[in-house]
Each structure stands twice: as structure tokens, then as C-alpha cells.
Amino acid sequence: MKRFNHLYEKIYDFANIEKAYLKARKAKRYKKEVIKFTRNLEENLIMIHHELMYKKYQTEQYLEFKVFEPKERKIHALPFKDRVVQHAICNVIEPIFDKTFICDSYACRKGKGTIAGLRRIKSFVDKLKKSGKVYYLKCDIEKYFQNIDHDILKRLIRRKIKCKDTLRLLDGIIDSSFPGIPIGNLTSQLFANIYLNSLDHFLKDELGVKFYIRYMDDFIILSNDKKFLKTLLGQIRDYCDQLKLKLNRKTKIENINHGIDILGYRIFPDHIILRKRIYRQNKRKFRKLFRLLREKKITHDFLNRRIQSFLGLCKHCDSYHARKIAFSQN
């Protein structure tokens with residue numbers, strides 16, 4: 001397996017840091033910390049360049065907060081300067097690892113995403129239902145980000161990278177949070193894909209599983225053979241043990257007629273609908289938005305942007321009843 005050296009110089013290259021800044025500020029340019037950083041842009045970019053070049057950079061303290069949609073999660077956010085550094089790192093190392101990922105890994109990758117994953121699963125279902133009953137094994141890792149083992153992650157990274165300075169920088173980011181890796185870091189998204197990439201190849205290359213896709217820590221295997229899926233489940237549990245991970249209670253084997261609940265949708269043999277939780281969340285949200293509009297606390301333009309975003313979700317499924325909620329609260 002080819003391992004890459006001399007990467008560190010590319011990370012602290014000033015042009016790469018400028019590119020990283022532009023990526024980090026995307027859709028956030030009017031936030032206070034971004035405006036403050038941009039006021040002295042050249043000085044701040046030079047500071048990052050020098051800290052990296054002279055190996056003085058250290059990850060700053062995380063800001064911790066909770067989000068409650070789609071479910072309660074603890075988020076760890078870094079200052080804007082550190083987010084620029086993480087973009088600079090990913091600009092260099094992400095292409096190296098992305099080439100090792102299987103085609104059917106869909107999270108946090110260019111040209112992939114939820115809709116591409118949804119279409120892929122639907123294509124699997126359409127193909128398998130021609131041969132009889134279709135079953136699916138849906139697996140979900142228990143508290144995935146929190147349970148990623150630092151030492152195992154470092155070993156997996158070293159399979160592709162041998163540049164000592166780059167490894168020192170990555171180790172510092174990995175060890176800046178314990179346990180696991182923080183939800184919210186750009187590097188965490190890449191690390192999380194690297195961590196389960198070996199499972200992907202175990203299933204695809206060693207076991208010859210055909211109808212498999214993964215979206216971060218959610219993954220689906222489809223088959224006409226229910227016993228085959230039961231055997232696979234045991235093998236997956238054993239492999240997860242090697243990674244110090246456990247499957248949670250959501251893991252199950254079901255007939256496709258019950259619908260696959262994944263990627264924000266429920267996929268049935270002949271149709272797709274929105275996941276119930278997303279439907280309920282948006283129903284509550286639009287009820288509140290229409291109330292705020294009546295109280296003149298938001299504008300029609302603000303409400304319209306939210307409606308268009310919701311309709312963007314709806315266009316990928318059978319959504320007549322779901323779409324009604326965007327227009328029935330006024």
C-alpha cells in the first residue's frame with residue numbers, strides 16, 4: 001500500500017491557507033468571529049502560516065453546546081482560526097483517503113450525499129424485488145463519534161500517511177478531545193469515514209457483499225436471503241469488536257415491506273415517503289413560522305426560503321400530504 005510523505009509543506013503553503021479561509025467562511029461570512037478574523041485577514045493568515053511552519057500550532061479550547069434536531073447531540077466547535085487550519089489539512093489529505101473509500105460510502109464526500117444514497121438504495125430494491133422477497137439489514141453504531149478509539153484511528157491514518165510532521169499535527173487534533181472525536185470538526189468527518197473504511201472493504205472485498213451502502217455510521221445491506229443477513233450480522237458484530245465499537249438497538253433485519261428508515265426518508269418497494277420525525281418537526285416549525293409571520297417578526301421572504309428548502313426535501317419522494325403542511329398553517 002502506497003504511503004504519502006512530504007505533505008506538511010503543502011498544508012502550511014500560504015496559497016493553501018488562503019483557500020482554506022475561503023472554504024471556512026462559506027455561508028458564515030457575516031458571523032461575528034468571521035468578520036473579526038477578516039478585519040486583519042493578511043495578518044491572521046500569516047500567523048497561521050508561521051505557527052504551522054515553525055510547528056507551534058496547537059488546537060485551541062472547544063466551545064461546547066447542544067443541538068436538539070434531529071436529535072439531541074453534544075457539539076464541540078472550535079474558534080474560526082482552528083477551522084481554517086482544519087480546512088488546510090483536509091485540502092491536502094482528504095483526496096488521499098477519498099481514493100481508498102468504496103463507491104457506496106456517501107457521507108461528507110464530494111458528489112455523494114443523502115440524495116445520491118437514497119437513489120442507490122432504491123436501485124438496489126428495484127433490482128432485488130425481481131427475484132422475490134427483499135430483506136434488509138440496517139446497522140447503526142452506538143454513539144459512534146464518542147467511541148472512536150484514538151490509537152486505532154492513528155494506526156489507520158498511518159496506513160496512508162508517513163509524513164512525520166503531518167502525523168504529529170493530526171495526532172494533536174485527535175488527542176485534543178477525549179473520549180472519541182468531536183462532532184463539529186471538519187477533520188472528524190474525514191476521520192469517521194476513515195475509521196469504518198476497513199469495515200466497508202471487509203464486507204465488499206472479503207465477504208463479497210453486493211448490495212451495501214454506508215452513510216457515516218448508518219449502513220444498509222439488502223438481500224433476498226434472510227439467513228445470509230443473519231450470518232452477516234454476526235460477522236459485522238465481530239468486526240466492530242475489533243474497532244471497539246458496538247451496534248445499537250436500532251440494528252435489525254426486516255422485510256422491505258416495512259420500509260427502510262434512513263437518510264431522512266422511508267423507502268418501500270414501490271414508493272418513498274418522508275421520515276415521520278422529519279414530517280413532525282417541519283409541521284411544528286411551519287406552525288411557529290406562520291405565527292411569527294402574523295406577528296410581523298419575520299418577513300414573507302424569510303418564510304418562503306424555509307418553504308423552498310422543505311420542498312427540496314419533498315421532491316425526492318411521494319410527498320403530497322407532507323407538502324400540504326407548508327401551505328396550510330396561514
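Counting begins at 1 with the first residue of the sequence. Here the structure is a predicted model, which means the values were calculated and not measured.
Glu33 and Arg83 are joined by a salt bridge, as a carboxylate oxygen and a charged side-chain nitrogen come within less than 4.0 angstrom of each other. With respect to the salt-bridge test (charged N to carboxylate O, under 4.0 angstrom), the residues Arg158 and Asp171 qualify. The pair Arg214-Asp218 does not count as a salt bridge, with every side-chain nitrogen at least 4.0 angstrom from each carboxylate oxygen. Ion pairing between a basic and an acidic side chain is recognised when a charged N comes within 4.0 Å of a carboxylate O; Asp175 and Lys154 show such pairing.
A donor-acceptor contact shorter than 3.5 Å is absent between the side chain of Asn224 and the backbone of Tyr135. Judged purely by atom type and a 3.5 angstrom limit, Asp149 uses its side chain to pair as donor or acceptor with the backbone of Ile152.
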Going through the checks in order, is the side chain to side chain contact (heavy atoms under 4.5 Å, CB included) test met by Ile221 and Ile236?
-> CA-CA 11 Å; Ile221 300 170; Ile236 290 169; 3.8 Å; yes
Val34 and Phe37: side chain to side chain contact (heavy atoms under 4.5 Å, CB included), yes or no, with the steps?
-> CA-CA 5 Å; Val34 180; Phe37 188 94; 5.7 Å; no
Given side chain to side chain donor-acceptor pair (under 3.5 Å), test Thr38 with Tyr21 step by step and report yes or no.
-> CA-CA 9 Å; Thr38 305; Tyr21 158 74; 2.9 Å; yes
Evaluate side chain to side chain contact (heavy atoms under 4.5 Å, CB included) for Leu229 paired with Leu233, printing each intermediate quantity in order.
-> CA-CA 6 Å; Leu229 294 179; Leu233 178 56; over 6 Å; no
Report the C-alpha distance between Lys10 and Asp13 in whole Å, list the side-chain angles of each, state the deciding distance to 0.1 Å, and finish with yes or no for side chain to side chain contact (heavy atoms under 4.5 Å, CB included).
-> CA-CA 5 Å; Lys10 297 178 182 178; Asp13 179 79; 5.5 Å; no
Take Arg155 and Asp151 through the test salt bridge (charged side-chain N to carboxylate O under 4.0 Å, His left out) and record every step on the way to the result.
-> CA-CA 6 Å; Arg155 288 201 301 270; Asp151 290 335; 5.7 Å; no
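A 6.0 Å sphere centred on CD of Gln58 holds no more than 12 heavy atoms belonging to other residues, nucleotides or ligands. The number of heavy atoms from other shown groups lying within 6.0 Å of CD (Gln61) does not exceed 12.
Side-chain polar atoms of Lys23 and Asn91 form a donor-acceptor pair below 3.5 angstrom. For the residue pair Tyr106 / Asp104, a side-chain donor-acceptor distance below 3.5 Å is found, with atom types taken as modelled. Tyr239 and Ser198 form a side-chain donor-acceptor contact under 3.5 Å, judged by distance and modelled atom types alone. Neither side chain, Arg39 nor Asn44, offers a donor N or O lying under 3.5 Å from an acceptor on the other. A side-chain donor from one of Asp200 and Tyr212 sits under 3.5 Å from a side-chain acceptor of the other.
In this structure, CZ in Arg109 is found 9.0 Å from CD in Glu94, a value given to the nearest 0.5 Å. Atoms CG and CG, from Asp217 and Asn193 in turn, are 10.5 Å apart once rounded to the nearest 0.5 Å.
Residues Ile161 and Asn5 fail the side-chain proximity criterion, which asks for heavy atoms closer than 4.5 Å. You'll find the side chain of Leu190 reaches within 4.5 Å of the side chain of Ile194, heavy atoms only. Within the 4.5 Å cutoff, the side chain of Lys129 has heavy atoms near those of the Asp126 side chain. Contact of the Cys163 side chain with the His6 side chain is not registered, since no non-hydrogen atoms from C-beta on lie closer than 4.5 Å.
For the residue pair Ile148 and Ala192, the shortest heavy atom distance occurs at CD1-CA, 4.1 Å. For the residue pair Arg120 and Ile213, the shortest heavy atom distance occurs at CG-CG2, 4.0 Å. Contact detail for Ser223 and Phe228: the closest heavy-atom pair is OG-CD2, 3.6 Å. Pairing each heavy atom of Val125 with each of Pro269, the nearest pair is CG1-CA, 3.9 Å. Among all heavy-atom pairs drawn from Lys252 and Glu254, the shortest one is CD-CG, 3.7 Å. Of all heavy-atom pairs spanning Lys81 and Glu51, the tightest one is NZ-OE1, 2.8 Å.
Residues Tyr57 and Tyr12 place their aromatic rings such that the two centres sit no closer than 6.0 Å.
In this structure, Leu78 shares a hydrophobic cluster with Tyr62, the cluster being traced through Ile, Leu, Val, Met, Phe, Trp and Tyr side chains under 4.5 angstrom apart.
Neither Met47 nor Leu45 shares a network with the other; the hydrophobic side chains, linked directly or stepwise wherever heavy atoms of I, L, V, M, F, W or Y lie under 4.5 Å apart, form separate groups for each. Following chains of ILVMFWY side-chain contacts shorter than 4.5 Å, one can reach Phe4 starting from Ile157, so the two form part of one hydrophobic cluster. Under the 4.5 Å side-chain heavy-atom criterion for grouping Ile, Leu, Val, Met, Phe, Trp and Tyr, Ile273 is not connected to Val134 through any hydrophobic cluster. Under the 4.5 Å side-chain heavy-atom criterion for Ile, Leu, Val, Met, Phe, Trp and Tyr, Leu186 and Phe80 are members of distinct hydrophobic clusters. Hydrophobic clustering (ILVMFWY, side-chain heavy atoms < 4.5 Å, transitive): Tyr54 and Leu167 are in one cluster.
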Donor-acceptor contacts, no H, no angles, side chain residues 241-248, under 3.5 Å, sequence neighbours left out:
unit_1	atom_1	unit_2	atom_2	d
Asn248	OD1	Lys250	N	2.9
Asn248	ND2	Asp140	OD2	3.4

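Relative ring orientation between His316 and Tyr265 is described as perpendicular, the plane-to-plane angle rising above 60° on a 0-90° scale split at 30° and 60°.
With sequence neighbours excluded, the residues forming a ring-ring contact (aromatic ring centres under 6.0 Å, His included) with Phe268 are His271, listed by chain and number.
Judged by the 6.0 Å and 45° rule, Arg291 forms no cation-pi pair with Phe286.
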